[in-house]
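Being a predicted model, the structure only gives us computed values, none of them experimental. Labels below follow one simple rule: chain letters A, B, ... track the order of the sequence lines, proteins then strands, and each chain is numbered from 1.
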There are 2 protein chains.
Amino acid sequence: MKQDDRNRSVRLLWEPDAQVTREPKAALSRARVVEAAIKVADAEGIGALTMRRVAETLGFTTMSLYRHVPGKSELLDLMVDAVWGETEHTPKGPWRAGLEFYARQMWSMYRAHPWLLQLTNARRMPGPNAMTRQDAAFAVVSELGLKPEEIVAVVTTVGQFVAGVGRTMADRVLAERETGVSEEDWWNDRDELWEHFTPERLPMMTHIWTTGGYERPLDEFEFGLARVLDGLEVFISAEDRPVVRRETCL
Amino acid sequence: MKQDDRNRSVRLLWEPDAQVTREPKAALSRARVVEAAIKVADAEGIGALTMRRVAETLGFTTMSLYRHVPGKSELLDLMVDAVWGETEHTPKGPWRAGLEFYARQMWSMYRAHPWLLQLTNARRMPGPNAMTRQDAAFAVVSELGLKPEEIVAVVTTVGQFVAGVGRTMADRVLAERETGVSEEDWWNDRDELWEHFTPERLPMMTHIWTTGGYERPLDEFEFGLARVLDGLEVFISAEDRPVVRRETCL
DNA sequence: AAGCAGAGTGTACGTTGTACACGGCACTAG
DNA sequence: CTAGTGCCGTGTACAACGTACACTCTGCTT
């Protein structure tokens, strides 16, 4: 499969699936491999996503997968863009509704495929599905008179918040699926831990605990999203916006 | 080392280092193992943190580590709480300054130890250092007349934002350290990718690109933190606060 | 003097991604 | 009709990982 090559993933993601090899000679296909891999990851997380496991669910040998994908890294790129393809583009309209829509689309994507948040995003090849969704999000904040770098910052802030809260959700969900033990049961089993949560050591936490603050938690996503959008509104409707440039490259 | 036991990590983290075995018979110690592991992870990320590698930097064999730490999972718990120990407690004072302090402490912790954000937080045993820091953060928002679950939500929102933006930073930094290739060089090498970024397909992104929006990016942390705190301020100073409860358990 | 407990070692196993050489099939060129 | 060519799926093999287990060696307690 095309050997090693800096641009393998680019072609895989952006180019129209080659010339579908007019004869349906192959029993397996790239799409089927990607689909099976997503199914495995959905059910058991990235940790369980091995080439052997994917092949097994398809009823082929491990090495057969390498006829259709160059390697695991590129398979992940394809999986990520495939699930972006399941989301809807943000429709044109007022900025706040648009950003909320964008956030909710990502949120449901993360809920359906929590393994997305177990992956590094650094140097992952962006695919066309992810990019067109982001482009649509840029569009709804493009008519507010913001500078281009402010447009990027606004959309990025929303994305980063959703990824942040999504990650804790995802880790919880996947831990439950992998172990079969519910979050509550697991923490209850750690009986020796709670003995150390004394009012002298952790006054606020024990107070919050005894007044029931942990029994009726607020929805982290809903609460946080409202706050972030409020904060962006303050910025967007301000007269003179402060400029905060990045100082270092990292 | 105490075999398998649900509460191994609890004792390791919360109990005062056992009875230091009156004779300093051991050349190695738990603290030295943890310290060496942190150094390896700092320099090369979690991917390079193997028991063999840690032992090697200490000049011992792999299996010698297991005399001092029950296993890799518990070693990670110890590493995490050790770096929390390097941060300062949020001092009492006005809520906004306090939350900003808390956010900046976490931010510098993440910058110094980016591997923290490569780790799952789900079901990681919390240690005393992390918990007392969080307790101090709760304290600064505890006098605002918020309900206990709102206190939790406010502090959590800040934490989740910092973790979200921190993660992209961390992934970038670690990728550079591991590969020795700068982010910019890496993306420039992906020449075939940019050919697909056409104005027809990605109108906003190409426009932002050509107007220099990517050349002078805003600082994601500074920009986002200001927005999040603004949003929390809107909430805190509101007359009647909306209640958003979590509906499901996940 | 005997023996015991704890530190560090060495070997071995199962799991991972994937390189590589191979066998069988379905076309096409002569 | 036959020989050739190239792709599909297979099987074996290897290096790296965490760690179980059975040692050896040392120095203290009886």
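Each of C:dT18, D:dG18, D:dG9 was ranked by its minimum atom distance to the side chain of A:Tyr66; first place goes to C:dT18. Comparing C:dG8, D:dT19, C:dC22 by their nearest atom to the side chain of B:Thr62 picks out D:dT19. The nucleotide whose nearest atom lies closest to any side-chain atom of B:Thr50 is, among C:dT18, D:dG9, D:dG18, D:dG18. You'll find that the side chain of B:Met63 is closest to D:dA20, out of D:dA20, D:dG9, C:dG17.
In this entry the distance linking CG of A:Leu65 with C1' of C:dT16 reads 14 Å, nearest Å. The separation between A:Leu75 atom CG and C:dT16 atom C1' is 15 Å, rounded to whole Å. As rounded to whole Å, 12 Å separates atom P of C:dT15 from atom CD of A:Glu56. Note: NZ (A:Lys72) to P (C:dT18) measures 8 Å, nearest angstrom. Taking atom CD on B:Glu44 and atom P on D:dC17, their separation rounds to 11 Å, with Å as the unit. The separation between A:Phe60 atom CZ and D:dT10 atom P is 7 Å, rounded to whole Å. Rounded to a whole Å, the CE atom of A:Met51 is 14 Å from the P atom of D:dT10. Whole-Å rounding puts the B:Ile46 CD1 to D:dC17 P distance at 14 Å.
Looking only at distances, no side-chain donor or acceptor of B:Asp77 sits under 3.5 Å from a matching main-chain atom of B:Ser9.
Here the options are A:Met131, A:His113, A:Gln105, A:Met106, the test is side-chain contact (heavy atoms from CB on, under 4.5 Å), and the partner is A:Trp84; only A:Met106 passes.
Classified by interplanar angle (parallel below 30°, tilted 30° to 60°, perpendicular above 60°), the ring pair A:His196/B:Trp14 is parallel. Ring pair B:Tyr214/B:Trp209 is tilted by interplanar angle, where 30° to 60° counts as tilted.
Using a 4.0 Å heavy-atom cutoff across all strands shown, B:Leu49 reaches sugar-phosphate atoms only and no base atom.
When the side-chain nitrogen and oxygen atoms of B:His68 are compared with OP1 and OP2 of C:dG8, one or more of them lie within a distance under 4.0 Å. Under 4.0 angstrom from either OP1 or OP2 of D:dT10 there lies at least one side-chain N or O belonging to A:Thr61.
Cation-pi geometry between A:Arg190 and A:Trp194 is not satisfied (NZ or CZ under 6.0 Å from the ring centre, within 45° of the ring normal).
One cannot find a donor-acceptor pair under 3.5 Å joining the base of C:dG6 and the side-chain atoms of B:Arg67.
Sequence order on DNA chain D of the closest nucleotides to B:Arg52 and A:Gly59 puts A:Gly59 first from the 5' end.
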